[in-house]
Peer 1: 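One structure is given below, represented as structure tokens, and several questions about it will come after.
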Amino acid sequence: MRVDVLTLFPEMFAGPLDHSIVGRARQRGILDVRLVNIRDFATDKHRIVDDTPYGGGPGMVLKPEPLFAAVEAVRTGPETHVILMDPQGEPFTQKRAWELAEKSHLVLVCGHYEGVDERVRTIVDEELSIGDYVLTGGELPAMVVLDAVCRLLPGALGEAASARQDSFEDGLLDHPHYTRPAVFRSMAVPEVLLSGHHEEIRRWRRREALRRTWLRRPDLLARARLTEEDRRWLAEMGAPVPPAQAASEDAGEV
Ligand code: 4FV
């Protein structure tokens, strides 16, 4: 996958993309990240990229010309998918991460200041938000999307790990994880996990994922992909049992 990141601060990306899974994926050619400085597409001698807002008000707005020129410079064809990182965008989810991981070329546009000129939205295919809060720029959101998508690319996670067992698969929060020592500060690992009884372990983990989702994110439970067994367990633990959904393709995906 190729990802062009359009930003005024390419130096912010030094570090987060150079280590661990993302760093290895780039070394292995699984992910090709190209940092593009929007200011390189400003044509005036002072290389201006922002200006005061029409209608007055505080702050500055990113001008359309450099952004249009930058997007057109990196667009390679219909496979290019341009994403504006913006609080007004669709919430970014694991489901969207899986869908984006299918694409061959992403362009991530990082806003700054008050935001981008509204006309920039006419050249983007999608707007994504990582959360209902205002950041100083779209750089951190772009890194979040890069990280979440990269680990879903074939070969990125390496054999051991499988993204299919993640949180949010089936739309549930993850089950508790334990490792050695079996007892730490008198906190013991649940016996079932030491039993080697894989079916019992699978059942315990599923019940704990259901319980945790019910207690922490009941909103997710309503949309989770649940089995009859899941419903029985929810009923036993006194949790609300969502009605059986028609197996629609996005049931359970968040
Ligand atoms: C943001 C978010 C975000 C808003 C103005 C950058 C800032 C400035 N992007 N999810 N939350 N962006 O706060 O994606 O342009």
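In this text the structure is predicted, and so the values were computed from the model without any measurement. Counting starts at 1 for both ligands and their atoms, following the listed order.
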Peer 1: Does only the side chain of Leu62 get under 4.0 Å from ligand 1, or the backbone, or both, or neither? Count heavy atoms.
Peer 2: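 It is neither part, as no heavy atom is under 4.0 Å.
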
Peer 1: So, are Asp125 and Lys103 salt-bridged, with charged N and O less than 4.0 Å apart?
Peer 2: no

Peer 1: Is Leu194 linked to Phe184 within one hydrophobic cluster, defined over Ile, Leu, Val, Met, Phe, Trp and Tyr using a side-chain heavy-atom separation of less than 4.5 Å?
Peer 2: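 No; Phe184 is not reachable from Leu194 via cluster members.
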
Peer 1: For atom 14 (O) of ligand 1, which protein heavy atom lies nearest, and how many Å away is it?
Peer 2: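 Residue, atom and distance for the closest contact: Asp86 N, 3.4 Å.
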
Peer 1: Check each atom of ligand 1 against the heavy atoms of Leu128 and keep those under 4.0 Å away; list them by number with element.
Peer 2: 14 (O)

Peer 1: State plainly whether the residues Arg203 and Glu229 are in salt-bridge range, i.e. N to O under 4.0 Å.
Peer 2: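 Counted as a salt bridge, because a side-chain N and a carboxylate O are separated by less than 4.0 Å.
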
Peer 1: Could you check whether Glu208 pairs with Arg212 (Lys NZ or Arg NE/NH1/NH2 to Asp/Glu carboxylate O, under 4.0 Å)?
Peer 2: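 Salt bridge absent between Glu208 and Arg212.
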
Peer 1: Please state which protein non-hydrogen atom is closest to atom 7 (C) of ligand 1 and give its distance, to 0.1 Å?
Peer 2: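 Sorting protein heavy atoms by distance from atom 7 (C) of ligand 1 puts Leu135 O, 3.3 Å first.
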
Peer 1: Which residue and non-hydrogen atom of the protein lie closest to atom 5 (C) of ligand 1, and at what distance in Å?
Peer 2: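 Here the closest protein heavy atom is Tyr113 O, 3.5 Å.
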
Peer 1: Quick check for you: to the nearest 0.5 Å, what is the distance between Ile201 atom CD1 and His175 atom NE2?
Peer 2: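 Here the rounded value is 10.5 Å.
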
Peer 1: Once you restrict to heavy atoms under 4.0 Å, what part of Pro141 touches ligand 1? Side chain, backbone, both or neither.
Peer 2: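 Side chain only.
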
Peer 1: Test Leu100 against every option in Leu152, Leu128, Leu146 by the side chain to side chain contact (heavy atoms under 4.5 Å, CB included) rule and name the one that passes.
Peer 2: Leu128

Peer 1: I want to check something: taking the side chain as every heavy atom from C-beta on, are Val82 and Arg75 in contact at a cut-off of under 4.5 Å?
Peer 2: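 Yes. Closest side-chain heavy atoms under 4.5 Å.
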
Peer 1: Run the contact test for Leu140 against ligand 1 with a 4.0 Å cut-off on heavy atoms, strictly below, and give the result.
Peer 2: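 So Leu140 does not count as touching ligand 1.
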
Peer 1: Under 4.0 Å between a Lys/Arg side-chain N and an Asp/Glu carboxylate O for Arg225 and Asp230?
Peer 2: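 Salt bridge absent between Arg225 and Asp230.
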
Peer 1: Using a strict cut-off of 4.0 Å, indicate which atoms of ligand 1 neighbour a heavy atom of Gly115.
Peer 2: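 The list of qualifying atoms is 15 (O).
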
Peer 1: Taking both backbone and side-chain atoms of Tyr133, is any N or O found less than 3.5 Å from an N or O belonging to ligand 1?
Peer 2: yes

Peer 1: Please tell me if the side chains of Pro176 and Trp204 come closer than 4.5 Å, counting only heavy atoms from C-beta onward.
Peer 2: yes

Peer 1: Ignoring hydrogens and geometry beyond distance, is a side-chain donor-acceptor pair present between Ser104 and Glu79 at under 3.5 Å?
Peer 2: no

Peer 1: Does ligand 1 come near enough to His112 that some N or O of the ligand is less than 3.5 Å from an N or O of the residue?
Peer 2: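 Yes, since at least one N or O of His112 sits under 3.5 Å from an N or O of ligand 1.
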
Peer 1: Is there at least one pair of N or O atoms, one from Val134 and one from ligand 1, spaced under 3.5 Å apart?
Peer 2: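 There is no such contact.
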
Peer 1: Indicate, as side chain, backbone, both or neither, the part of Val116 found under 4.0 angstrom from ligand 1 when only non-hydrogen atoms are considered.
Peer 2: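 Val116 to ligand 1: no contact under 4.0 Å from either part.
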
Peer 1: Provide the number and element of each atom of ligand 1 under 4.0 Å from a heavy atom of Gly137.
Peer 2: 6 (C)

Peer 1: Pairs of nitrogen or oxygen atoms closer than 3.5 Å, one from Gly131 and one from ligand 1: do any exist?
Peer 2: yes

Peer 1: With atoms numbered from 1 as shown, which atoms in ligand 1 lie under 4.0 angstrom from a non-hydrogen atom of Met85?
Peer 2: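 Near Met85, the atoms of ligand 1 are 9 (N), 14 (O).
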
Peer 1: Should you measure from each heavy atom of Ile130, which atoms of ligand 1 turn up under 4.0 Å away?
Peer 2: 10 (N), 14 (O)

Peer 1: Salt bridge or not between Glu126 and Arg96? Use side-chain N to carboxylate O under 4.0 Å.
Peer 2: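 Yes, charged N to carboxylate O under 4.0 Å.
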
Peer 1: For Phe92, state whether at least one heavy atom is located under 4.0 Å from any atom of ligand 1.
Peer 2: no

